[in-house]
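What follows is a set of notes on a single structure, which appears directly below.
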Amino acid sequence: MTEKKDIVDELYQSGLKNHKVQTKEEEWKAVKRSVAYSLFLKSGFQHFNFVYVLLGILAIVSVSVLAWPENNSARTIDVEAESPGSVSSQKEPEEITEEKVGSIIQEEKQEKEPKNHVEEKESEDENAFVKTTEAEVETEVEQEPVEKNTKSTFDTIKAVEDQNQEIHKKEKVIIVKQDTVYEFDTVDKPKWWKRK
Amino acid sequence: MDVDEQIIRGCMRYKRKSQQKLWDLYAPLMKSICFRYARDMDEASDILQEGFLKVFLNIKKYQWKGSFEGWMKRVMVNTAINYYKKNQSNYYFEQIDEERTNEQEVDEQYEEDNAVDKMHESDLKKDYNTVARAGFTEDELMAALKTIPDHFRIVFSMSVLDGYKHKEIAGMLLIDEKTSRTRLLRAKKLLKNQLFEMSIKKLVK
C-alpha cells in the first residue's frame, strides 16, 4: 500500500524545502551558555576521579586525628575542674613551684610498691582511683585488727584518717603532676600518662 | 577541505568560534524543522537550543558518512520527538479510534478515500487548482500545518517533509505502523480542507 502523491505533498515539499526561520541573538547565547556549562561538568567529572575522593577522605581523617588529643586533654581538664572533690579545684596549680613538685616526686619514689600500683590505677581513671584507694584502705583497715587485735576502735579510726590523709597527699601529687605536665606540654600529656 | 569540514573539525575540538559559525549557518534551517514539530515559536526555540546542545556535545559521533546537514536534521527531529513525548500530557490529544485500528480498517479507510477521490474527481481537481492558484507562501503553509492536531502534524512532517518511513515513524513515536498510516491519511485530509478554505479566502480578496 503506497500513499499517492497529492497536492498537499507537492505543496509542502516544494513550499517548505528552503524554509528558514530567523534566530535571535539570545538563542545563541543560551546555547553557548548551555554548552559551556555541560563541557565544564563533563571535564570536571573526568578529572574528579576516585583518587581525589580518597585523598579528600584521608585529609579529613588526618585533621580529625590531629585535633583529637587536644580535645581529649581539654575534656580531661574540664572534668577535673568540675569534679568537686578534686584537689585541682581546691588549689590553684600556680601556687605549686617546681621545687615542691621535685621534692614530692622524690618522696613518692621512696614509697612502697602497692602505692605505685594505686597510682597506676588512678592514672587510668580518677573515679576508679578513688574507689581503688578506698577499697585498699578498707582492706588495710580490715587487716589491721587481725594483725593488732589490741588496738582500740579510736586507734583504728585514727589510722584510717591517717591513711586518708596519705591518699589525699598522693592524689595531690598526681594531680600536681597532671597540671604540671599540662602546663608545659599539653599535647604530650596522654603519652606521659602511658609512660608512667 | 571545504568550509563545512573546517567548522565541523573546529566544533569537534569545542572551539567557540566554529560553534558560532555552525550556528549561523544552520540555525535558521533547523529552526524551521523544529517549528514544524512544535506548537509555537517558543517551543521551536526550546527544541532548537536543546538540539544544538546535543549537536555540539555529540559532534564527535558524526562518522563522516552522509551529509552533515542530514545528520543535524536527524538530531533535531529526534530532539523534537523526545520533546513531544516528554510533554505529551500537555498536548491536545483528540480522542479517536485510531489506536484500535487494525490493518483491515486501515485498508478500508484507504479504499474509502480512493472512492471519494474517484467520485468527486472533477470537484477535487477544481480544489487542487484552487489551492495551486492561491500560491501559498511558506508562512501560510506553516500556518495551515499548525491547524491540525499535534499527532497528525508530527506524522505528516516526518513522512512527507523529512522522508521517514512508516516503520521508522512507528518506532520513534512508539505507535503501531498502521496507526502511523492512518494518521498520515487524516493529516492530509485535514490539510487539504484547510488549504482549500484558505485559498478560497485568498482568491476572494
Side-chain angles (χ1 to χ4, degrees), chain A residues 1-68 70-71, chain B residues 14 16 19-20 23-24 27-36 41 44-46 48-53 55-57 103 106-107 110 113-114 117 124 127-129 131-132 134 136-142 144-145 156-157 159-161 163 166 181 184-185 187-192 195-196:
Chain A
M1 195 167 72
T2 55
E3 288 82 32
K4 59 176 183 177
K5 197 168 183 177
D6 57 15
I7 185 77
V8 179
D9 292 9
E10 282 173 19
L11 260 179
Y12 274 92
Q13 279 170 356
S14 59
L16 295 179
K17 199 178 179 181
N18 296 312
H19 184 236
K20 288 176 183 176
V21 179
Q22 277 307 307
T23 53
K24 293 171 191 168
E25 184 64 26
E26 291 81 46
E27 286 174 312
W28 163 241
K29 281 179 183 171
V31 172
K32 199 165 68 175
R33 263 200 308 273
S34 305
V35 171
Y37 182 68
S38 301
L39 288 175
F40 169 75
L41 284 181
K42 208 176 168 184
S43 61
F45 277 111
Q46 272 174 356
H47 293 106
F48 192 75
N49 54 22
F50 184 69
V51 176
Y52 289 100
V53 176
L54 209 68
L55 282 172
I57 292 166
L58 210 68
I60 291 162
V61 168
S62 47
V63 165
S64 307
V65 167
L66 283 171
W68 173 249
E70 196 179 345
N71 293 336
Chain B
Y14 305 116
R16 182 65 57 81
Q19 287 175 344
Q20 189 159 9
W23 170 270
D24 292 340
L29 181 66
M30 295 304 151
K31 195 170 182 181
S32 168
I33 293 167
C34 297
F35 188 48
R36 290 205 301 257
M41 204 52 93
S45 189
D46 286 348
L48 180 78
Q49 287 171 32
E50 210 177 309
F52 259 94
L53 181 66
V55 167
F56 289 139
L57 295 178
E103 199 174 349
V106 175
D107 291 340
Y110 190 75
D113 285 348
N114 281 339
D117 283 355
L124 286 168
D127 287 353
Y128 291 161
N129 290 334
V131 171
F136 289 111
T137 61
E138 291 171 338
D139 291 341
E140 283 168 339
L141 286 173
M142 203 61 104
L145 191 63
F156 177 81
S157 296
S159 175
V160 176
L161 299 167
H166 282 297
R181 287 180 196 281
L184 180 65
L185 282 172
K188 281 182 182 179
K189 220 173 185 178
L190 287 167
L191 268 176
K192 261 182 212 172
L195 286 171
F196 181 68

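All chains are named by letter (A, B, ...) in the order of the sequence lines, taking the proteins before the strands, and each is independently numbered beginning at 1. All values below come from the heavy atoms of this structure, side chains included, with hydrogens, waters and symmetry mates left out.
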Which atoms form the tightest heavy-atom contact between [X] and [Y], and what is the distance?
X	Y	value
Gly15(A)	Leu141(B)	CA-CD1, 3.7 Å
Thr23(A)	Ala27(B)	CG2-CB, 3.7 Å
Lys20(A)	Ser32(B)	CA-CB, 4.1 Å
Met41(B)	Val21(A)	CE-CG1, 3.5 Å

In terms of heavy-atom pairs under 4.5 Å with chain A, the winner among Phe136(B), Tyr14(B), Phe35(B), Phe52(B) is Tyr14(B)
d(Ile7(A) CD1, Leu191(B) CG) to nearest 0.5 Å is 12.0 Å
Between the NZ atom in Lys32(A) and the CZ atom in Arg16(B), the distance rounded to the nearest 0.5 Å is 5.5 Å
Engaged part of [X] at the chain A interface, taking heavy atoms whose separation is under 4.5 Å:
X	result
Leu195(B)	side chain
Gln20(B)	both
Met30(B)	neither
Ala44(B)	neither
Leu145(B)	both

Only one of Lys24(A), Glu27(A), Glu26(A) passes side-chain hydrogen bond (donor to acceptor under 3.5 Å, both in side chains) with Ser45(B), and that residue is Glu27(A)
- Item | Non-hydrogen side-chain atoms of Asp9(A) and Lys188(B) separated by less than 4.5 Å | yes
Measuring only between side-chain heavy atoms, which start at C-beta, is Ile33(B) closer than 4.5 Å to His19(A)? no
Quiz item: Using 30° and 60° as the class limits, which term best fits the ring planes of Trp28(A) and Trp23(B): parallel, tilted or perpendicular?
Solution: tilted
